[in-house]
Amino acid sequence: MDIEIGTAKRGRRAYSFDDIAIVPSRRTRDPQEVSTAWQIDAYRFELPLIAAPMDSVMSPDTAIALGKHGGLGVLDLEGLWTRYEDPEKLLDELANGPADTKRLQEIYAEPIKAELISARLQQVRDAGVTVAGALSPQRTKQFASAVVDAGVDLFVIRGTTVSAEHVSGSAEPLNLKEFIYELDVPVIVGGCATYQAALHLMRTGAAGVLVGFGGGAAHTTREVLGVAVPMASAVADVAAARRDYLDESGGRYVHVIADGSIGRSGDIAKAIACGADAVMIGSPFARAVEAPGRGVHWGAEAWHPELPRGERVEIGTVGDLESVLFGPSSVPDGTMNLIGALRRAMATTGYSDLKEFQRVEVVVG
């Protein structure tokens, strides 16, 4: 129901993950009997966790490590690893030095090199895990052939907002439907936050749609642009678009991936409860001791050359990647043993797999 903001403007009440809670049911089960597996296209994962393409979160080595644990690591193909042959000194500077926004912009002004895109993706492929890389819509045409030639399994097109109907008077926009049709690789695209925008993205042929704007712990998009949508409502709206597109298309299922405002294990459970098939997360993995950011977190928005919408934030480390994923946890705040917590939430409500868990009751308050 719309709420009157003023005489000339009405708005819909929307809910964040903090606004809702999962309701236990009459049936429970053992956490060990719960499956957290999901599959997109031909690729099956034991964990519904995708690491966000952020330099503080994913390097080729951490993408490989996450893949071996059963998740999916997505490399930022516009990040330091594709601009510099060896970015370790720069990562040390960003983690330990007083690097401000101007310094970030200077570091990321180095051109992206197609040969480094190929080398980084090949490194992941050689390790035998699923290969995923991300480009912004603005860079997709320029580097798509290098990405595909390198043998990427899943192509991610990720921006603050991505639409199927971008209008530009100065440059030819990316035609998503045409691009995806011609690409022999499944594409995950986003972000979006509304039913209609998601439905249009699904009609382009995308295998998955990202919901949200990503970078929740480190971005300032709301302050800079005034743009934000509470994630519980956004995920539920896009899940409705998935349901309707399934009917419209005669059975084509598009995966919904929550991307943003997911910092703790409870947020993961709530995202799936609202209809997500998986979640894309940054800060939980940035807290692993193996993370390239060394306890400091930032995203692509932080070094935008014209309008930065993010910042470097110190979030610290809590343990190695394995303990972040599977425990044991030494903290009570939901930043460790993410999968153990998800399993317990599912077991407490009596559900045995993720698709069933999407039907769980939630309350507001």
Side-chain angles (χ1 to χ4, degrees), residues 17 20 22 34-53 66-67 69-74 130 132 134 153-158 162 180 186-195 197-199 201-214 231-249 251-262 265-282 284-285 325 338-339 341-343 345-346 349 351-360 362:
F17 291 137
I20 67 168
I22 294 167
V34 165
S35 171
T36 59
W38 74 297
Q39 181 165 331
I40 181 168
D41 203 84
Y43 305 99
R44 176 184 168 89
F45 303 95
E46 294 305 313
L47 314 179
L49 305 182
I50 304 173
L66 180 58
H69 283 305
L72 175 65
V74 182
T130 303
D153 295 315
L154 291 165
F155 196 134
V156 180
I157 302 174
R158 184 178 188 252
V162 176
I180 292 172
V187 175
I188 298 171
V189 62
C192 68
T194 66
Y195 171 96
L199 190 60
L201 288 178
M202 291 173 185
R203 288 169 176 161
T204 66
V209 171
L210 298 172
V211 185
F213 307 124
M231 281 293 289
S233 293
V235 172
D237 285 347
V238 175
R242 175 187 60 203
R243 176 200 63 209
D244 292 348
Y245 179 70
L246 188 69
D247 291 338
E248 174 189 304
S249 63
R252 185 172 180 272
Y253 188 92
V254 179
H255 295 268
V256 172
I257 301 165
D259 179 17
S261 301
I262 303 172
S265 53
D267 299 327
I268 297 171
K270 291 176 187 180
I272 295 170
C274 288
D277 296 289
V279 299
M280 178 174 277
I281 53 178
F285 289 140
L325 289 170
L338 303 178
I339 295 301
L342 175 60
R343 285 181 175 277
M346 295 170 67
T349 53
Y351 293 95
S352 61
D353 61 47
L354 297 176
K355 291 304 299 178
E356 287 188 358
F357 189 54
Q358 290 174 348
R359 301 198 301 265
V360 70
V362 300

*Euclidean distance, Leu199 CG relative to Thr204 OG1, rounded to 0.5 Å*: 10.5 Å

*Leu49 side, atom CG; Leu338 side, atom CG - distance, nearest 0.5 Å*: 6.5 Å

*Would you name the heavy atoms of Val256 and Gly275 that are closest together and state the gap between them?*
CB-O, 4.1 Å

*Quick one: do Met202 and Glu248 satisfy side chain to side chain contact (heavy atoms under 4.5 Å, CB included)? Show the steps, please.*
CA-CA 11 Å; Met202 291 173 185; Glu248 174 189 304; over 6 Å; no

_Please find the pair of heavy atoms, one from Ala51 and one from Met280, that lie closest to each other, and give the distance._
C-CG, 4.3 Å

_Nearest heavy-atom neighbours spanning Leu154 and Pro186_ = CD2-CG, 3.5 Å

*If every non-hydrogen atom of Ala239 is compared with every non-hydrogen atom of Cys274, which pair is closest and at what distance?*
CB-O, 3.9 Å

*Stepwise, does the side chain to side chain contact (heavy atoms under 4.5 Å, CB included) test hold for Phe155 with Ile180?*
CA-CA 10 Å; Phe155 196 134; Ile180 292 172; over 6 Å; no

*asked:* Whether the side chain of Trp38 engages the backbone of Leu47 through a donor-acceptor N/O pair (distance < 3.5 Å, no angle test) should be reported.
replied: yes

*Is the side chain of His255 donor-acceptor paired with the backbone N or O of Asp41 at a distance under 3.5 Å, no angle test?*
no

_Ile339 CD1 to Thr36 OG1 distance, which is reported to the nearest 0.5 Å_ = 5.0 Å

*Check each of Val74, Ile281, Leu210 against Ile50 using the side chain to side chain contact (heavy atoms under 4.5 Å, CB included) test, and report the only one that passes.*
Val74

_Closest non-hydrogen atom pair between Gly212 and Met231, with its separation_ = CA-SD, 3.7 Å

*Identify the two heavy atoms, one from Ala207 and one from Ile40, that lie closest to each other, and give their separation to 0.1 Å.*
O-CD1, 3.9 Å

*Sequence-distant partners of Phe357, ring-ring contact (aromatic ring centres under 6.0 Å, His included), two or more places apart*: none

*Main-chain N/O of Ile20 paired with Lys270 side-chain donor or acceptor, under 3.5 Å*: yes

*Evaluate the side chain to side chain contact (heavy atoms under 4.5 Å, CB included) criterion for residues Gln358 and Asp277: first the C-alpha distance (whole Å), next the side-chain angles of each, then the deciding distance (0.1 Å), finally the verdict.*
CA-CA 8 Å; Gln358 290 174 348; Asp277 296 289; 3.2 Å; yes

*Decide side chain to side chain contact (heavy atoms under 4.5 Å, CB included) for Cys192 and Val238; before the verdict, give the C-alpha distance in whole Å, the side-chain angles of both, and the deciding distance to 0.1 Å.*
CA-CA 8 Å; Cys192 68; Val238 175; 4.2 Å; yes

*Just by distance, do the side chain of Arg252 and the backbone of Gly205 share a donor-acceptor pair under 3.5 Å?*
yes

_Test ring-ring contact (aromatic ring centres under 6.0 Å, His included) applied to Phe17 - qualifying residues, sequence neighbours left out_ = none

*For the atom pair CG (Leu354) and CE (Met346), what is the distance rounded to the nearest 0.5 Å?*
4.5 Å

_Just verifying a value: how many Å separate Ile188 CD1 and Ile257 CD1, rounded to the nearest 0.5 Å?_
4.0 Å

*Can you tell me how far CD of Glu46 sits from CG of Leu325, rounded to the nearest 0.5 angstrom?*
13.0 Å

